[in-house]
There are 2 protein chains.
Amino acid sequence: MTQPPITADWIAADWGTSHLRVWAMADGADIAQAQSDQGMNRLSPGGFEAALLELIEPWLGAGTTPVVACGMVGARQGWVEAPYTAVPCTPLPVTPVRAQAADQRLAVWVVPGLKQQSPPDVMRGEETQIAGFLALNPNFDGVLCLPGTHTKWAQVSAGEVVSFQSFMTGELFASLAENSVLRHTVAPCGWDEGTFADALDDALSRPDRLAARLFTLRADALLNDTSGTQGRARLSGLLIGAELAAAKPYWLGQQVGVIGASAVAAPYVTALTRQGNTPVQADAAAMTRAGLIAAHRNIDT
Amino acid sequence: MTQPPITADWIAADWGTSHLRVWAMADGADIAQAQSDQGMNRLSPGGFEAALLELIEPWLGAGTTPVVACGMVGARQGWVEAPYTAVPCTPLPVTPVRAQAADQRLAVWVVPGLKQQSPPDVMRGEETQIAGFLALNPNFDGVLCLPGTHTKWAQVSAGEVVSFQSFMTGELFASLAENSVLRHTVAPCGWDEGTFADALDDALSRPDRLAARLFTLRADALLNDTSGTQGRARLSGLLIGAELAAAKPYWLGQQVGVIGASAVAAPYVTALTRQGNTPVQADAAAMTRAGLIAAHRNIDT
């Protein structure tokens, strides 16, 4: 038995540095999804169309199918450069940018990112998640935290992104845990909540001493046989603590929403809760999809 | 014409994670040197003797030649584990540890490292540089800064290492400059003294905001076309500034000696000088050799 064929009204695409995820949309809902590791990092400018078709071809009908994509696909090294819009502005302030496709069945649109002139900052992809969150929570006024490789904190008010700041915490963690001398000391998985909490408090109370604490993990393992699980929780606590210390103007006394996959979001929620905040949580993929639905309304089909 | 043969009285060896450097010593001076990339990271426990012989065999006489080595060769993954001695103590408090060699012409000794129980810390190799510095400056009382992959700050008084602290600044710099998103923004060489100084002052005045500043380098390059040379100087300034902020109890109001190769030491000397300190400088290789000479006096030959 073959599956009944799926024909999409349009296609939503989350296209980041390391992945491509697509949803077939019909009657306002996603009826199928697919993903691959064909992120921007793996593709040359000419390779985007083939990578997209590989996933979505089964969903294409006879006519033209709109594809609305967000993320690094709109970077200078992406399919088409979708220039940043300066905040303050709504998360989707302009019409997506049309990308050229050879296949006549495709009409591809790319969502532009946001920029902030001072302090300089940029985002691509997170604006769509923010738009999705605001579509579902139109009266939200506060701060959105989007943990990831480059975690973003965005101040949102009256439907606009007022300001935002990026932190390299995710990339720092991966780099130290996998490629530095701490790789002997930080287990690839596992967790120790008490160690995380101690390290978090330590970093938050004396963030200026972060640089002095990192090598201590290695020495502690050598001298006191601390476990790799403790090492992992401690490194995470130190780095997230340092981030929270520097991001304090964003979250202190604010309503915070944490948008992320649960494994990435959980330590942020724990950390904020320990600081007396009561963050709400939202799933990153669901917010991206909701944001792409909002972006789709902005294009001329 | 062949060179006249060199026969060493003994051999000094600096054996780190990524390199092996040896000196043929005769009548209290070095008469030849050689080096290779056969550091601890490349060698299994059985491979050390062959890596050593590859460099020193031309210098061996008919009898037994002592070899005195310092560095990671004495780690648990090294040729022989040379257990740490706890500070406070002199930099070379115990007799080097004998490593087993199959070749009867070799008598190999490995200098033990130092440890500190609280806060936990360890060093291997730097104790020998400190011993060399103290052999040449026996009345030194103050702080030694040894910049490198894992920079060490050591408080030295009355010939003893009183306490010390390690910082992963060198490894963090390399990791961020080569493997993170900042690789697009940080040139592999070049320098901008003004940018370095600004970033240093910035990090020293608000070290708690380091985590917020790193991604700014990338955004600044994207939005304002800052150069890779500026990116390099800025990243160095931010990380060394954060280190100096955390190491302030070590250097503030102290006589500081910076021991390092000139390229690595220079930004530390600049940074300390900008803070009103007047550091003295010493060459790392010369200090290592002088320390190995001191260690050689401690063995029974």
Side-chain angles (χ1 to χ4, degrees), chain A residues 17 75-77 84 86 115-123 149-153 165-169 171-172 174-176 178-182 184 203-204 206-224 226 239-250, chain B residues 17 75-77 84 86 115-123 149-153 165-169 171-172 174-176 178-182 184 203-204 206-224 226 239-250:
Chain A
T17 304
R76 206 168 295 171
Q77 304 86 353
Y84 301 108
K115 69 179 174 184
Q116 176 177 275
Q117 211 58 48
S118 179
D121 218 322
V122 292
M123 66 167 72
T149 304
H150 302 145
T151 299
K152 311 284 179 189
W153 292 80
Q165 183 141 39
S166 304
F167 292 80
M168 291 179 62
T169 306
E171 189 158 31
L172 267 176
S175 177
L176 288 167
E178 290 160 24
N179 300 316
S180 84
V181 70
L182 299 185
H184 307 296
L204 265 160
R206 289 296 305 275
D208 56 309
R209 298 203 31 81
L210 174 67
R213 291 196 181 94
L214 294 174
F215 189 79
T216 304
L217 270 76
R218 174 67 179 146
D220 209 12
L222 282 170
L223 300 180
N224 303 320
T226 51
L239 294 178
I240 292 178
E243 178 179 336
L244 253 60
K248 201 175 266 185
Y250 275 89
Chain B
T17 304
R76 205 168 295 170
Q77 304 85 354
Y84 301 107
K115 70 179 173 185
Q116 176 176 276
Q117 210 60 47
S118 178
D121 217 322
V122 293
M123 66 167 72
T149 304
H150 303 143
T151 299
K152 311 285 179 186
W153 293 81
Q165 184 141 40
S166 304
F167 292 80
M168 291 180 61
T169 306
E171 189 158 31
L172 266 176
S175 177
L176 288 167
E178 290 160 25
N179 300 317
S180 85
V181 70
L182 299 184
H184 308 295
L204 266 160
R206 288 295 305 274
D208 56 311
R209 299 203 29 84
L210 174 68
R213 289 195 182 94
L214 293 174
F215 189 78
T216 305
L217 269 77
R218 173 67 179 147
D220 209 11
L222 282 171
L223 300 181
N224 303 319
T226 51
L239 294 178
I240 292 179
E243 177 178 338
L244 253 60
K248 202 175 265 186
Y250 274 90

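So that the names make sense, note that chain A is the first sequence line, chain B the second, and so on, each numbered from 1.
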Pairwise distance CD(B:Gln165) to CZ(A:Arg213) - rounded to 0.5 angstrom | 9.5 Å

Compare every heavy atom of A:Leu222 with every heavy atom of B:Arg76, then report the nearest pair and how far apart it is.
-> NH2-O, 3.7 Å

Chain A contacts, top residue of B:Ser175, B:Ala247, B:Pro207, B:Ala212 (heavy-atom pairs, under 4.5 Å) | B:Ala212

With a 4.5 angstrom heavy-atom cut-off, could you sort out which part of B:Arg218 is near chain A: side chain, backbone, both or neither?
-> side chain

Looking at A:Pro120 and B:Asn224, what are the two nearest heavy atoms and their distance?
-> CB-ND2, 4.4 Å

Between A:Asp220, A:Asp121, A:Leu223, A:Thr216, which has the largest tally of heavy atom pairs under 4.5 Å with chain B?
-> A:Leu223

Quick one: does B:Asp208's side chain get under 4.5 Å of A:Lys248's, heavy atoms only?
-> no

Interface check, chain A: of B:His150, B:Glu243, B:Lys115, B:Gln117, most non-hydrogen pairs under 4.5 Å belong to B:His150

Of the non-hydrogen atoms in B:Leu214 and A:Leu172, which two are nearest, and what is the gap between them?
-> CD1-CD1, 4.1 Å

Between A:Gln77 and chain B, which part of the residue has a heavy atom less than 4.5 Å away: side chain, backbone, both or neither?
-> side chain

Taking all heavy atoms of B:Ser166 and all of A:Phe215, pick out the closest pair and write down the distance.
-> CB-CD2, 3.2 Å

Pick whichever of A:Leu176, A:Val181, A:Thr149, A:Leu182 has the most heavy-atom pairs under 4.5 Å with chain B.
-> A:Val181

Give the minimum heavy-atom separation between B:Glu171 and A:Ser180, together with the two atoms involved.
-> OE2-CA, 3.1 Å

Which one of B:Ala203, B:Ala211, B:Ala174 has the most heavy-atom pairs closer than 4.5 Å to chain A?
-> B:Ala211

